[in-house]
Amino acid sequence: GQWAFDVGLPAKSGVGGCVFLVIPNVCGVSIFSPRLDKNGNSVRGVQVATELVKRLRLHNFEVFSGLARSKINLTEPRRAEDTKELIQLNFAASQGDLSALGQYYNSGYDLCMADYDG
């Protein structure tokens, strides 16, 4: 329960100190550190997995709102998310949708951003 809430990735740990994470459709990660907690999980392995989901968009139960905008998405090509949001921003502007523009502004999106050729 707690692992699914904190990390949100399928994983298996062993009493030898290894934690195996699966990032679906991307890769597998193995973390080894022999010190164990009271549950028999690698202490540093759990810490590393927790830090990974703070920096990378990996958590299966994460709500993709403006809060996850700064995280790296391993499943899409570089800059694909920015391009997609720029298209949505331009569409909202072309339709005069002030509510959508306000949401972009409040979530920290750069309203003056340009595409690759300016």
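Fair warning: this is a prediction, and the values are worked out from it, not measured in the lab. Quick note: numbers below take in every heavy atom, side chains included, and nothing from hydrogens, waters or symmetry partners.
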Spacing of Asn90 atom CG and Glu85 atom CD [to the nearest 0.5 Å]: 12.0 Å

Residues forming a side chain to side chain contact (heavy atoms under 4.5 Å, CB included) with Cys27, sequence neighbours excluded: Ile23, Val29

Side chain to side chain donor-acceptor pair (under 3.5 Å) against Gln95, all qualifying residues, sequence neighbours excluded: none

Common cluster, Val22/Phe20, ILVMFWY with side-chain heavy-atom separation under 4.5 Å: no

List the atom pairs, with distances to 0.1 Å, where a side-chain N or O of residues 40-47 and a protein N or O form a donor-acceptor pair under 3.5 Å, not counting sequence neighbours.
{"unit_1": "Asn41", "atom_1": "OD1", "unit_2": "Ser13", "atom_2": "OG", "d": "2.5"}
{"unit_1": "Ser42", "atom_1": "OG", "unit_2": "Ser33", "atom_2": "O", "d": "2.8"}
{"unit_1": "Ser42", "atom_1": "OG", "unit_2": "Gly45", "atom_2": "N", "d": "3.0"}

By side chain to side chain donor-acceptor pair (under 3.5 Å) - contacts of Gln88 (at least two apart): Tyr104

With Lys38 via salt bridge (charged side-chain N to carboxylate O under 4.0 Å, His left out) - residues at least two apart: none

Atom pair OG1/CZ of Thr50 and Arg55 - distance to nearest 0.5 Å: 11.5 Å

hydrophobic_cluster_shared for Tyr109 and Ile87, side chain cutoff 4.5 Å: no

Contacts of type side chain to side chain contact (heavy atoms under 4.5 Å, CB included), residue Leu101, not counting sequence neighbours: Leu89, Ala92, Ala93, Leu98

Side chain proximity check, Phe32 to Pro34, heavy atoms < 4.5 angstrom: yes

Closest approach of Leu21 to Ala49 (non-hydrogen atoms, all atoms of both residues): CD1-CB, 3.9 Å

Atom pair CH2 (Trp3) and CG (Leu9), whose distance is rounded to the nearest 0.5 Å: 7.5 Å

Path from Phe91 to Leu86 over hydrophobic side-chain contacts below 4.5 Å: no

Closest approach of Leu36 to Val15 (non-hydrogen atoms, all atoms of both residues): CD1-O, 3.3 Å

Asn106 CG: over 12 foreign heavy atoms closer than 6.0 Å: yes

